[in-house]
Amino acid sequence: MQPKKLFEILLENYEQQYWWPAKSNWEVIVGAILTQNTSWIQVEKAIANLKAKRKLSLNAIQEINEQELGELIKPAGYFNQKAVYLKEIAKYIQENYSGDLDKWFAKDLIDLRTELLGLKGIGPETCDSILLYAAKKPVFVIDAYTKRLSERLDLTDKLDYNDLQEFFQLNLKKNVQLYNEFHALIVNHAKNYCLKENPKCEKCILKKECFFIKK
DNA sequence: ACCCAGGTGTTTC
DNA sequence: GAAACACATGGG
């Protein structure tokens with residue numbers, strides 16, 4: 001199956017997702033870090049805590065101490081390391097770009113990606129989520145669901161992060177809105193439990209194509 | 001009780 | 001290199 005066809009099937013079966021659910025680019029970054037291996041509902045609680053204490057801003061996160069920040073983001077899990085990650089990226093943006101995200105995002109994409117990946121706590125998925133959903137760059141995000149889906153639909157043979165990303169980008173129009181919606185739809189599709197390691201595919205919309213159903 | 005969540009970093013073979 | 005492990009709360 002071609003990626004374009006997969007996108008069409010997802011769009012036919014689900015509502016448009018209109019990600020990212022955040023009010024500012026900085027909030028996208030905070031959410032991207034908090035949601036690492038964590039359900040979005042927990043991230044919402046953590047962000048609500050930050051907002052209630054007025055500690056969400058780039059400045060506030062630099063000023064608050066690590067333990068206090070950890071307490072506020074506790075619902076999102078891994079709060080000790082995530083507190084460090086948040087403070088580190090806030091400090092980086094402050095020191096290198098005067099706290100001006102737009103200035104950073106105006107840089108060349110390759111440089112921007114390299115800088116992001118150089119930060120502690122920013123791996124490939126978080127990096128590309130920030131590039132796509134905050135910086136609005138045409139970068140396809142690969143997550144565990146995308147990987148499983150690609151494998152089960154036998155979309156392509158190589159499944160490591162970079163090969164998979166290249167596969168989608170080469171086989172789709174280079175379009176921020178398309179990449180945005182595609183990734184969001186895959187995550188939404190996962191709610192049907194068919195993209196888990198031990199899938200239940202009763203409601204799967206991909207019955208005819210899914211590797212697990214075919215068998 | 002068990003599995004999982006919009007992963008990442010470190011350690012170990 | 002690639003597995004294996006730690007990180008941690010909370011929902012189903």
Side-chain angles (χ1 to χ4, degrees), chain A residues 6-7 10 14-22 25 27-50 66-90 92 113-137 139-152 158-165 168 176 178-204 212:
Chain A
L6 172 59
F7 180 69
L10 291 169
Y14 304 114
E15 299 296 314
Q16 271 201 260
Q17 304 298 305
Y18 300 107
W19 278 15
W20 186 286
N25 287 338
E27 192 178 324
V28 173
I29 293 175
V30 173
I33 290 169
L34 291 180
T35 199
Q36 291 171 355
N37 205 39
T38 300
S39 54
W40 184 253
I41 185 75
Q42 296 303 113
V43 176
E44 288 182 318
K45 294 176 194 170
I47 288 180
N49 286 345
L50 291 171
E66 207 178 293
Q67 288 68 31
E68 203 176 334
L69 180 56
E71 278 305 310
L72 294 175
I73 64 172
K74 198 172 240 181
Y78 306 145
F79 53 88
N80 288 316
Q81 56 191 46
K82 284 174 180 175
V84 173
Y85 299 164
L86 287 173
K87 287 185 69 67
E88 177 165 321
I89 191 170
Y92 181 85
R113 191 163 193 275
T114 304
E115 287 179 39
L116 273 164
L117 288 173
L119 293 168
K120 180 165 285 195
I122 310 293
E125 184 184 340
T126 308
C127 166
D128 291 337
S129 293
I130 291 169
L131 289 174
L132 179 62
Y133 292 102
K136 315 294 194 288
K137 306 287 185 185
V139 172
F140 200 93
V141 177
I142 304 298
D143 64 351
Y145 296 141
T146 310
K147 197 169 177 177
R148 285 178 203 150
L149 189 56
S150 300
E151 183 179 14
R152 291 169 193 181
K158 287 190 286 185
L159 294 171
D160 65 80
Y161 193 98
N162 290 312
D163 288 329
L164 218 40
Q165 181 176 57
F168 279 98
V176 173
L178 172 61
Y179 294 177
N180 176 325
E181 195 57 37
F182 205 148
H183 175 65
L185 282 167
I186 289 173
V187 174
N188 182 67
H189 175 58
K191 290 178 183 169
N192 287 346
Y193 298 98
C194 31
L195 293 181
K196 296 181 188 300
E197 283 195 65
N198 299 303
K200 305 177 202 167
C201 298
E202 299 92 31
K203 291 193 215 166
C204 187
F212 281 90

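The sequence lines fix the lettering, A, B, ..., with proteins before strands; numbering per chain opens at 1.
For the pair A/Y145 and A/V187, the tightest heavy-atom approach, listed with the atom from each and the gap, is CD1-CA, 4.1 Å.
The distance from atom NZ of A/K74 to atom C1' of C/dG11 is 18 Å, rounded to the nearest whole Å. Look at CD on A/Q36: it is 18 Å from C1' on C/dG10, rounded to the nearest Å. Here C/dA2 presents its C1' atom at 11 Å from NZ of A/K147, a figure rounded to the nearest Å. The separation between A/D160 atom CG and B/dT8 atom C1' is 17 Å, rounded to whole Å. A straight line from CG of A/N80 to P of C/dC7 spans 10 Å, rounded to a whole angstrom. In this structure, CG of A/L34 is placed 12 Å from C1' of B/dG7, rounded to the nearest angstrom. Computed from coordinates, the A/W40 CH2 to C/dG11 P distance equals 17 Å when rounded to whole Å. Atom-to-atom, CD1 of A/I33 to P of C/dT9 comes out at 19 Å; the value is rounded to the nearest Å.
Across all strands shown, A/K45 has heavy atoms under 4.0 Å from sugar-phosphate atoms exclusively, and none from any base. A/Y78 comes within 4.0 angstrom of a base, heavy atoms only. Using a 4.0 Å heavy-atom criterion, one finds that A/L185 contacts no nucleic acid atom at all. Nucleic acid contact class of A/G77 (heavy atoms, under 4.0 Å, all strands): base. Backbone-only contact: A/Q42 has heavy atoms under 4.0 Å from sugar-phosphate atoms and none from a base.
Of the listed nucleotides (C/dG10, B/dG7, C/dA8), C/dG10 has the atom at the smallest distance from the side chain of A/P75.
Summary of the strand contacts: A/L117 and A/R148 both lie near DNA chain B, and taking for each the nucleotide with the nearest heavy atom, the more 5' one is attributed to A/R148. Of the two residues contacting DNA chain B, namely A/K120 and A/W19, the nearest-nucleotide position lying further toward the 5' end is that of A/W19. Residues A/I41 and A/N37 each lie close to DNA chain C; by heavy-atom proximity, the contact nearer the 5' end of the strand is made by A/N37.
One P atom belongs to C/dA8, the other to B/dT11, and the distance between them is 15 Å to the nearest Å.
The shortest distance between side-chain heavy atoms of A/H189 and A/L195 falls below 4.5 Å.
Taking 4.0 angstrom as the limit, A/T126 places a side-chain polar atom (N or O) nearer than this to OP1 or OP2 of B/dT8.
In this structure, A/F182 has its ring center closer than 6.0 angstrom to the ring center of A/F168.
Side-chain polar atoms of A/N25 and A/Y133 form no donor-acceptor pair below 3.5 angstrom.
Applying the 6.0 Å contact sphere to NZ of A/K120 captures no more than 12 heavy atoms from other residues, nucleotides or ligands.
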